[in-house]
**Student:** 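Please find one structure pasted underneath; my questions will follow.
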Amino acid sequence: MPGGKALIVPVTNFDQVLASGAKAVFGTGIELDLGGLSVRDLRKNAAGQYLILAGSWAADDNSDPYALYQWDGVAGHAPVRRADLPTTDPGGWEAVVDVPDLTAAGARVQLITDSGSADLYGDGTEAKDLTHAEWKKARAAWFTLNP
């Protein structure tokens with residue numbers, strides 16, 4: 001997107017798409033300033049609080065920046081950066097497991113990373129190409145959100 005913004009395009013009839021296979025109807029796109037990052041995952045809790053996992057669109061390794069943003073879901077409202085994620089581990093941050101109460105002090109969130117393109121053993125083989133399913137690495141990690 002121009003200006004390094006991320007784009008969200010809402011589906012306005014999602015329930016009908018799931019229930020009957022109706023054709024998706026798209027709403028107006030929403031531009032978000034995530035510091036030049038893309039949306040990797042977007043989740044909402046029962047209180048209507050959104051957590052955005054932002055990172056590189058390519059996710060070819062974990063060296064590009066990743067961050068967590070809180071958003072109120074209102075177009076035109078800016079998301080708030082709540083945490084920077086480590087980039088020294090192999091793989092890319094992929095998903096938010098569950099969104100905690102984002103107003104709680106010390107709120108913690110669990111994220112999942114995969115190591116698909118990482119050379120975990122230094123032999124030139126990417127994790128996704130390893131011969132045993134148990135060796136194809138993914139993991140979960142906990143992070144505390146900044147106030």
**Student:** Should Leu53 and Leu68 be marked as a side chain to side chain contact (heavy atoms under 4.5 Å, CB included) after you check the CA-CA gap, both sets of side-chain angles, and the distance that decides it?
**Tutor:** CA-CA 5 Å; Leu53 171 56; Leu68 291 169; 4.0 Å; yes
**Student:** Could you check whether any side-chain heavy atom of Asp84 comes within less than 4.5 Å of a side-chain heavy atom of Arg81, counting everything from C-beta outward?
**Tutor:** yes
**Student:** Where do Val17 and Ala24 come nearest, in terms of heavy atoms and distance?
**Tutor:** CG2-CA, 3.7 Å
**Student:** Distance check, rounded to the nearest 0.5 Å: Tyr66 atom OH versus Leu111 atom CG?
**Tutor:** 11.0 Å
**Student:** Drop me the distance from Thr144's OG1 to Arg82's CZ, to the nearest 0.5 angstrom.
**Tutor:** 10.5 Å
**Student:** Are the side chains of Leu85 and Thr87 in contact, using a 4.5 Å heavy-atom criterion?
**Tutor:** no
**Student:** As an exercise, state the distance from CG of Leu37 to CD1 of Ile52, rounded to the nearest 0.5 Å.
**Tutor:** 11.0 Å
**Student:** Looking at every heavy atom in both Pro10 and Gly29, which two are closest together, and how far apart are they?
**Tutor:** CD-CA, 4.4 Å
**Student:** Counting distance only, does the side-chain N/O of Thr125 pair as donor-acceptor with the main-chain N or O of Leu130 below 3.5 Å?
**Tutor:** no
**Student:** Indicate the atoms forming the closest heavy-atom contact of Glu94 with Asp41, along with that distance.
**Tutor:** O-CB, 3.8 Å
**Student:** Could you tell me whether the side chain of Phe143 reaches within less than 4.5 Å of the side chain of Pro86, counting heavy atoms only?
**Tutor:** yes
**Student:** How far apart are the closest heavy atoms of Val96 and Arg43, and which atoms are they?
**Tutor:** O-CZ, 3.3 Å
**Student:** Treating Arg108 as the side-chain partner and Trp142 as the backbone partner, does any N or O pair qualify as donor plus acceptor under 3.5 Å?
**Tutor:** no
**Student:** Judged by atom type as modelled, is there a donor-acceptor pair below 3.5 Å linking the side chain of Arg40 to the main-chain atoms of Ser56?
**Tutor:** yes
**Student:** Can you measure from CD (Gln70) to OG1 (Thr103) and round to the nearest 0.5 angstrom?
**Tutor:** 8.0 Å
**Student:** Please confirm whether the backbone N or O of Gly48 pairs with a side-chain atom of Asn45, one donor and one acceptor, at under 3.5 Å?
**Tutor:** yes
**Student:** Answer whether the closest heavy-atom distance between the side chains of Leu51 and Val109 falls below 4.5 Å.
**Tutor:** yes
**Student:** Any heavy-atom pair between the side chains of Pro79 and Leu34 that's under 4.5 Å?
**Tutor:** yes
**Student:** Identify the heavy atoms of Gln49 and Leu102 that sit nearest to each other, and give their distance.
**Tutor:** OE1-N, 2.9 Å
**Student:** Transitively linked via ILVMFWY side-chain contacts under 4.5 Å: Val39 with Val74?
**Tutor:** no
**Student:** On the 0 to 90° scale, with breaks at 30° and 60°, tag the Trp71-Tyr50 ring pair as parallel, tilted or perpendicular.
**Tutor:** tilted
**Student:** So which atom in Tyr69 and which in Asp33 form the shortest heavy-atom distance, rounded to 0.1 Å?
**Tutor:** CE2-O, 4.3 Å
**Student:** Are Val11 and Phe26 side-chain neighbours, meaning at least one heavy-atom pair lies under 4.5 Å?
**Tutor:** yes
**Student:** So, taking the atom named OG in Ser20 and the one named CG in Asp15, what distance separates them when rounded to the nearest 0.5 Å?
**Tutor:** 10.0 Å
**Student:** Are Leu42 and Ile30 joined in one hydrophobic group, where the rule is that I, L, V, M, F, W and Y side chains link up if heavy atoms are under 4.5 Å apart?
**Tutor:** yes
